[in-house]
Undergrad: 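Questions regarding the structure given below will be posed in turn.
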Amino acid sequence: MLELQKAYDPQQHEEGIYKRWEDSGFFNPDNLPDAKTREPFTISLPPPNVTGTLHMGHAFEDTVQDIVIRFQRMLGKKTLWLPGTDHAPIATESKVAKMLEKDEGKRKSDLGREEFVNRVKKFAQESHDTIVNQVRSMGASVDWSREAYTFDEKRNLGVRTAFKRMYDQGLIYRGFKVVNWDVKGQTVISDDELVYVERPAKLYTFRYSTDFPINISTTRPETKVGDTAVAVHPDDARYQKYIGQEYDAEFCGVPVHVKIIADQSVEKDFGTGALGVTPAHSMIDAEIAERHGLPMKQVINEFGKMTVGDDTMMGKKTTEAREIIVEWLKEQKLLEKEEDIKQNVSTAERTGGVIEPLPKLQWFVNVNKEFPLAHSEIAGIKTGEMVTLKKLMSHAVESGQITIQPERFEKIYFHWIENLRDWCVSRQLWFGHQIPVWYKGKEIFCDINPPSGDGWEQDPDTLDTWFSSALWTFSTLGWPESTKDLQTFHPTSVMIPGYEILFFWVARMILMSTAMLGQIPFKQVVLHGMVRDSQGRKFSKSLNNGVDPLDMTSKYGTDALRMAMVFGAAPGNDLIFDEQKVKGMKHFANKLWNISRFVLTVILREAKNLDPSVVSLPQDDKLTEADKTILAELVQATKDVTKHLEEFRLHEAAQTVYDFVWHKLADVYLEASKPQLLNEATADNTKKILLHNLIMSLKLLHPFMPFVTEHIWSLLKERGLVTEELLMVAKWPLPLPLSSP
RNA sequence: GGGCGGCUAGCUCAGUUGGUUAGAGCGUCACAUUGACAUUGUGAAGGUCACAGGUUCGAUUCCUGUGUCGCCCACCA
């Protein structure tokens with residue numbers, strides 16, 4: 001007789017099952033049966049940051065991708081799911097810097113670059129190990145033999161190669177421009193790393209001096225000592241007579257020379273309709289200054305402190321200088337008015353610090369420069385054709401070679417490209433890919449390897465983390481070498497990231513892959529939403545509302561967590577995390593377990609010689625109504641689940657299979673089978689149909705709940721009821737014709 | 001300022017080209033049940049599908065507008 005526990009205990013089996021999968025070698029596509037004839041199917045795992053531990057968002061992401069990969073593997077594809085981690089310089093470096101300050105009271109400069117970077121690497125390694133274990137515990141069937149890291153040797157070679165090639169094509173240049181300076185993080189950041197925060201502010205209206213003819217308005221009087229012009233609208237009748245004139249003034253002890261200019265970008269109706277132009281400390285003003293050839297005058301330094309003025313102002317923070325100037329304006333009776341307004345202040349996404357626009361010499365990717373595409377496999381673009389990076393990015397999606405789901409994000413993508421400015425890629429951080437450029441006097445040398453000879457010094461800056469991430473789909477496959485992996489698995493099949501990194505990552509991958517390889521990086525992008533807490537808030541450290549996925553898996557089982565994550569979660573929509581749902585799915589796993597217990601018990605009760613042919617389907621004319629119904633419903637469920645999975649409607653697939661297993665098979669057919677089993681005329685058929693339904697259900701459920709299904713499968717295998725050793729590589733049931741496995 | 005999304009049962013959400021009584025999970029209520037499973041079963045209550053127009057034989061679904069919550073982009077200095 002069977003001795004199966006009454007309840008399924010995930011804890012008891014999960015680790016061993018994952019080990020069996022790993023030991024089988026089937027996570028590696030090369031080891032799959034008939035690997036040579038299989039069609040490749042590839043997913044690159046969006047690499048989690050090595051800054052700590054995985055959160056619910058990662059658990060969600062791992063689940064979704066594993067479902068797709070397991071489904072495709074069972075369909076007979078040569079499935080590669082390539083894992084890795086991201087070195088995430090800003091986050092990782094600041095985390096280690098904080099720990100250093102807290103534990104040892106030291107700053108990173110106390111250690112020096114080399115020692116500090118070693119510390120960060122050590123931290124990253126520990127964090128990496130934690131993350132890898134968490135990915136494992138989610139049941140992710142990734143190919144660990146191909147694991148990559150955005151900051152390992154191979155990826156570093158990829159980064160240097162890409163930089164060098166783009167430099168040679170003029171796609172990367174060094175320029176002195178106003179950039180987003182993060183005073184707190186002491187580094188430049190790109191436009192995409194800005195977050196606008198609305199704050200109350202004061203709008204001051206004043207003039208530079210008593211003999212200056214025009215009032216201007218600003219929220220930042222302290223920057224006005226750096227003004228080199230006042231801009232008005234060309235059609236503004238009030239100021240026509242002043243256009244072209246130049247004035248000198250002594251503004252709070254600082255001499256300013258201001259030219260009145262006319263520019264279309266000025267709003268007549270805002271403030272006085274006249275704009276003080278500060279070319280060094282405003283992105284917009286810098287653009288105006290460029291159009292009019294105005295000089296740039298820097299008055300604030302990297303620490304957000306004043307670099308001009310007398311003792312009262314020099315070296316003061318901008319906020320202090322502001323008060324000093326306002327006080328001076330009041331004394332001089334130059335202040336016309338002071339209004340309370342709401343203002344959007346740009347801050348750094350990572351550090352939260354206020355951005356101080358500053359002119360700096362930095363490296364940029366030129367997105368508008370025309371260049372001949374050296375090699376193209378992109379439909380609609382010939383090898384050697386003149387393109388721009390912007391054009392490559394938009395063409396890949398416009399032409400339908402890459403589809404983005406949900407579709408509405410395609411519009412957002414195009415809009416982003418239209419407004420895209422050159423991408424600042426240099427960062428003043430120590431942990432990261434150092435820019436492969438060397439200087440000696442006025443000489444500049446860019447190559448993959450350092451120049452020979454003495455006296456060369458490498459650029460101290462490192463590259464934006466997204467520069468290396470942008471190469472991810474192909475750097476992980478061995479690029480710049482022309483490896484077999486690269487030929488086999490690139491372009492990848494589908495990319496499944498969160499919608500919040502559409503610009504940061506997805507767009508940049510398209511940029512790099514098309515420009516470097518002349519290939520799209522992936523055929524489909526399926527964006528998922530964010531996991532939020534029960535009140536709809538983001539999970540964050542400051543709110544301390546995090547839920548550890550590992551707590552959930554140990555409490556309810558990994559299968560339950562996985563099923564709960566996709567059940568009712570439509571693509572691209574945020575997901576409210578609810579522990580009750582996980583609990584419910586634990587019940588479902590147990591339900592499946594008990595269905596299996598029942599089926600196994602009735603089949604094995606009388607069977608003497610267990611013959612796998614028991615699985616073959618019975619004759620039509622002997623079927624009862626209940627038999628016919630469940631068989632028809634199974635066919636329908638199989639069809640629906642397959643179609644939903646093919647089209648990435650995982651939530652629908654999950655719902656369909658859940659409903660079939662619980663409410664059709666268990667609630668209806670199992671009950672109907674009881675009397676049928678007691679009747680000699682129908683008993684045999686009933687057993688066959690029960691077993692057939694169980695086997696099909698296990699297959700349909702496996703991508704969602706791999707552990708419990710694999711465990712039950714092993715029980716069937718032990719009794720010779722199925723042929724394949726592992727359900728993981730068993731053949732996906734094709735809806736028609738109804739086949740015996 | 002521009003764009004997008006949500007608004008469906010008490011709660012969290014599905015609803016795949018417009019089509020008979022609009023679904024699920026959890027929750028609630030009643031009843032049942034010691035032989036797969038109480039981590040159960042049967043049944044019930046509960047929705048003017050935000051609102052107003054329009055198209056249509058027919059609209060939760062398509063169009064227009066309004067309200068409301070949220071997100072993205074721009075940055076008016």
Side-chain angles (χ1 to χ4, degrees), chain A residues 2 4-9 191-192 194-196 198 201 203-205 216-221 223-224 227 230-231 265-278 281-285 288 341-346 406 408-409 411-416 418-420 499-500 502-503 529-530 532 534-536 556-557 560 563-564 567-570 572-602 640 643-644 647-649 651-652 654-656 658-659 662-663 666-668 670-671 673-674 690 694:
Chain A
L2 269 178
L4 296 176
Q5 291 175 308
K6 267 192 142 183
Y8 172 69
D9 176 17
D191 295 343
D192 298 286
L194 297 182
V195 178
Y196 291 98
E198 194 180 88
L203 182 68
Y204 302 96
T205 300
I216 58 164
S217 300
T218 185
T219 53
R220 298 197 60 191
T223 65
K224 299 290 106 180
D227 282 11
V230 164
S265 68
V266 180
E267 287 287 330
K268 277 188 279 188
D269 301 328
F270 184 87
T272 61
L275 162 67
V277 182
T278 322
H281 299 290
S282 156
M283 225 43 124
I284 299 296
D285 291 7
I288 294 173
I341 61 162
K342 277 183 180 171
Q343 189 195 22
N344 278 335
V345 178
S346 52
R408 63 173 185 271
F409 285 101
K411 238 192 281 180
I412 298 173
Y413 174 81
F414 291 131
H415 184 251
W416 178 79
E418 277 168 35
N419 292 312
L420 187 60
Y499 61 72
E500 74 277 8
L502 177 63
F503 307 140
M530 279 191 307
R532 295 168 177 277
S534 55
Q535 292 169 53
Y556 303 107
M563 193 68 173
F567 205 80
N573 287 349
D574 290 346
L575 173 75
I576 305 288
F577 180 77
D578 179 10
E579 187 170 338
Q580 283 308 306
K581 200 150 109 183
V582 186
K583 193 177 166 194
M585 289 306 162
K586 181 184 174 159
H587 296 176
F588 178 58
N590 193 56
K591 188 76 183 176
L592 180 70
W593 173 250
N594 276 294
I595 292 168
S596 309
R597 281 214 310 152
F598 175 78
V599 173
L600 275 171
T601 310
V602 299
D640 292 345
K643 191 153 185 287
H644 291 319
E647 292 167 16
F648 302 105
R649 288 192 300 270
H651 62 300
E652 297 255 44
Q655 188 121 7
T656 305
Y658 177 98
D659 181 62
W662 198 316
H663 300 304
D667 288 352
V668 180
L670 254 62
E671 294 308 319
S673 77
K674 289 172 185 174
L690 281 172
L694 174 61

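The shown structure was predicted, so the numbers you read here are calculated from the model rather than taken from an experiment. All chains are named by letter (A, B, ...) in the order of the sequence lines, taking the proteins before the strands, and each is independently numbered beginning at 1.
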Undergrad: Where the side chain of A:His651 is concerned, which of B:rU39, B:rC75, B:rA14 is the nearest nucleotide?
TA: B:rA14
Undergrad: Would you mind classifying the nucleic acid contact of A:His663 as base, sugar-phosphate or nothing, using non-hydrogen atoms under 4.0 angstrom?
TA: sugar-phosphate
Undergrad: Is there a donor-acceptor pair under 3.5 Å between the side chain of A:Asn590 and the backbone N or O of A:Lys586?
TA: no
Undergrad: For a quick test of reading the model: is some side-chain N or O of A:Lys581 closer than 4.0 Å to OP1 or OP2 of B:rG25?
TA: no
Undergrad: Contact class for A:Leu575 vs. all strands (heavy atom < 4.0 Å): base, sugar-phosphate, or nothing?
TA: nothing
Undergrad: Report which part of the nucleic acid A:Lys643 touches: base, sugar-phosphate, or nothing (heavy-atom distance under 4.0 Å, all strands).
TA: nothing
Undergrad: So what does A:Asp578 hit on the nucleic acid, given a heavy-atom distance under 4.0 Å: a base, only sugar-phosphate, or nothing?
TA: nothing
Undergrad: When you compare B:rG70 with B:rA77, how far apart are their C1' atoms, in angstrom units rounded to a whole number?
TA: 29 Å
Undergrad: Heavy atoms under 4.0 Å, any strand shown: does A:Lys583 hit a base, just sugar-phosphate, or nothing?
TA: nothing
Undergrad: Going by side chain to side chain contact (heavy atoms under 4.5 Å, CB included), A:His644 matches just one of A:Gln655, A:His651, A:Glu652. Which one?
TA: A:Glu652
Undergrad: Would you mind classifying the nucleic acid contact of A:Ile595 as base, sugar-phosphate or nothing, using non-hydrogen atoms under 4.0 angstrom?
TA: base
Undergrad: For A:Ile284, answer base if it contacts any base atom (sugar-phosphate contacts may also be present), sugar-phosphate if it contacts only those atoms, and nothing otherwise; contact means non-hydrogen atoms under 4.0 Å.
TA: sugar-phosphate
Undergrad: A:Arg649 side chain: which of B:rC73, B:rA77, B:rU16 is closest?
TA: B:rU16
Undergrad: Is it the case that B:rA36 (base atoms only) and A:Gln5 (side chain only) share a donor and an acceptor within less than 3.5 Å, ignoring hydrogens and angles?
TA: no
Undergrad: Answer with base, sugar-phosphate or nothing: what part of the nucleic acid does A:Ser346 contact at a heavy-atom distance below 4.0 Å?
TA: nothing
Undergrad: Has A:Lys581 got a side-chain atom pairing as donor or acceptor with A:Phe567's backbone, closer than 3.5 angstrom?
TA: yes
Undergrad: A:Lys411 has an atom NZ; how far is it from atom P of B:rG2, in whole Å?
TA: 15 Å
Undergrad: A:Glu652 has a side chain; which of B:rA14, B:rU39, B:rA36 sits nearest to it?
TA: B:rA14
Undergrad: Answer with yes or no whether A:Asn344 presents, from its side chain, a donor or acceptor under 3.5 Å of a partner atom in the base of B:rC75.
TA: yes
